[in-house]
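Atoms within a ligand are numbered from 1 in the order they appear, just like the ligands themselves. No experiment lies behind these values; they were computed from the predicted model shown. FYI, side chains are in, hydrogens and waters are out, and symmetry mates aren't considered; it's all heavy atoms of this structure.
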Amino acid sequence: MSESFDLVVHGGTVFTPGGPVAADIGVRAGKTAAIGDLKSAKAAERYDASQLVVLPGVIDEQVHFREPGPTHKEDLESGTRGAVLGGVTALFEMPNTDPPTTTEAAINDKLARANGRAWTDYAFYVGASPENAEELGRLERLPGVCGVKMFMGSSTGSLLVADDENVARVLKFGSRRVTVHSEDDMRLQERSALVKDGADVSMHAEWRDVETAVRSTERLIRLARQHHRRVHVLHVTTAEEMDLLSAHKDIATVEVLPQHLTLAAPECYQRLGTLAQMNPPIRDARHRDALWAAINAGVVDCIGSDHAPHTLEEKARPYPRSPSGLTGVQTLLPLLLDHMAQGRLSLARLVDLTSAGPARIFGIAGKGRVARGYDADFTVVDLKAKRTITNAWIASRAGWTAFDGMDVTGWPKATIIRGQIVMRDDALQGTPIGAAVKFQETL
Ligand code: DOR
């Protein structure tokens with residue numbers, strides 16, 4: 001008797017841990033149950049992946065949605081909808097909402113809101129503050145929590161842990177990896193006169209300069225070593241930090257963003273104005289080249305989107321009253337596929353950065369590879385598709401992307417989460433089935 005499956009994805013090139021192989025995938029009860037020739041297997045549903053590549057589901061470990069709080073920019077439904085349209089199967093959401101996610105009640109509130117409304121699987125960060133430092137060891141282990149987020153420099157929202165004493169307190173309580181927005185707040189305050197009374201937005205990278213980032217990352221690494229705590233440095237933007245971080249791979253993992261890999265100053269500020277304003281800022285081509293070199297040297301562990309929606313109206317305020325942040329969860333994969341088509345990274349490296357990398361950093365249980373026993377999360381891509389990224393395609397309530405009008409090669413064809421097809425050919429399928437991501441018990 002032939003085997004039977006809930007779903008068979010057939011005829012594609014499957015990106016297994018050993019690399020690409022021509023194979024079918026059989027899914028049962030939401031998990032990958034077989035990889036091989038399943039031509040004669042029974043299947044309740046079949047997806048024809050001929051001419052397509054089946055990647056492990058893309059995991060975006062850094063998004064900012066706005067719920068609870070300013071949901072006119074984004075909520076959990078619209079944010080996760082954009083994600084599945086862009087080929088993302090799971091995401092971790094940041095705590096700088098209103099109220100910030102710093103208590104058990106706030107975490108449970110987000111989990112309740114996500115239930116039945118999230119299109120992707122999800123987990124939430126607990127925000128570190130001087131007030132909740134002692135609580136973090138307990139909060140970081142609650143179901144649905146991916147870890148701790150600490151802002152060492154002020155950005156959107158009120159979360160801030162600026163001084164060494166409090167950074168040390170945050171690092172002391174708990175054992176999972178602490179993710180960090182690394183900009184030195186003291187230096188940001190000292191230099192705020194540069195932009196306070198209005199300035200051109202290109203001054204953003206001057207105010208939040210290289211030294212601001214380097215100083216903070218040096219402090220962080222020193223304190224992480226003192227307290228034997230693993231850290232994950234988010235959105236690294238400078239050549240100097242990459243040199244530093246390459247010497248501390250045993251304790252610090254590294255994230256970079258497509259924004260910093262794709263855009264460069266001064267051109268981005270001339271062309272996009274405040275639409276290119278974000279923290280940490282987009283810098284010149286010397287730094288962008290260094291980020292690519294760090295990707296190819298293996299210093300970078302993952303790529304997230306830092307999806308940070310603000311409306312066009314808010315962005316139109318005169319700098320520096322314009323808020324910082326770009327949408328990105330939907331364009332993460334198309335931009336990376338295009339970089340791959342341009343020869344800047346291999347498909348193996350892309351998979352490592354968007355799937356295996358986040359799984360490794362955060363100790364995600366059962367995701368991050370196409371393998372028997374793992375969740376059947378697949379991002380099916382057409383590497384040859386020629387498409388144009390447009391604002392009209394963007395699901396975010398913000399309604400815009402800095403990459404509007406950009407022609408790209410490579411596009412997500414289907415998003416499959418635990419064996420359910422939730423997006424195919426740019427259209428949503430079914431209802432939001434997202435569930436909380438699970439983590440390895442021992443971490
Ligand atoms: O540009 C940014 N925007 N950087 C951050 O750290 C926060 C984000 C937001 O939430 O708007």
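Ring orientation note: the planes of H307 and F65 are nearly perpendicular, at an angle over 60° on the 30°/60° scale. Ring pair W207/H204 is perpendicular by interplanar angle, where above 60° counts as perpendicular and below 30° as parallel.
Interface of M278 with ligand 1, defined as ligand atoms under 4.0 Å from a residue heavy atom, comprises 1 (O). Every atom of ligand 1 is numbered from 1 in the order shown, and the set under 4.0 Å from a heavy atom of H310 is 11 (O). Of all atoms in ligand 1, numbered sequentially from 1 with element shown, those under 4.0 Å from a heavy atom of F151 are 6 (O). Atom numbering of ligand 1 starts at 1 in the shown order; those under 4.0 Å from a heavy atom of A308 are 3 (N), 8 (C), 9 (C), 11 (O).
Distance from atom 4 (N) of ligand 1 to its nearest protein heavy atom, with residue and atom name: N279 O, 2.9 Å. Counting protein heavy atoms only, atom 11 (O) of ligand 1 is closest to T156 OG1, 2.7 Å. Nearest protein heavy-atom contact of atom 2 (C) of ligand 1 is S324 O, 3.5 Å.
Residues L139 and T103 come closest through the heavy atom pair CD2-C, 4.2 Å.
Between the side chains of R141 and S175, at least one donor N or O sits under 3.5 Å from an acceptor N or O. Residues E74 and S396 have side chains that bring a donor and an acceptor to within less than 3.5 angstrom of each other. Side chain to side chain, T238 and E241 meet the donor-acceptor criterion of an N or O pair below 3.5 Å.
Put simply, part of R66 is less than 4.0 Å from ligand 1, judged by heavy atoms.
Between H181 and ligand 1, at least one pair of N/O atoms sits closer than 3.5 Å.
Residues L244 and E218 are in side-chain contact: their nearest non-hydrogen atoms beyond the backbone lie under 4.5 Å apart.
The heavy atom nearest to atom 6 (O) of ligand 1, considering only S154, G325, S155, P281, is found in S155.
Other residues, nucleotides and ligands contribute over 12 non-hydrogen atoms within 6.0 Å of the NZ atom of K249.
Only side-chain heavy atoms of N96 come within less than 4.0 Å of ligand 1; its backbone N, CA, C and O stay farther off.
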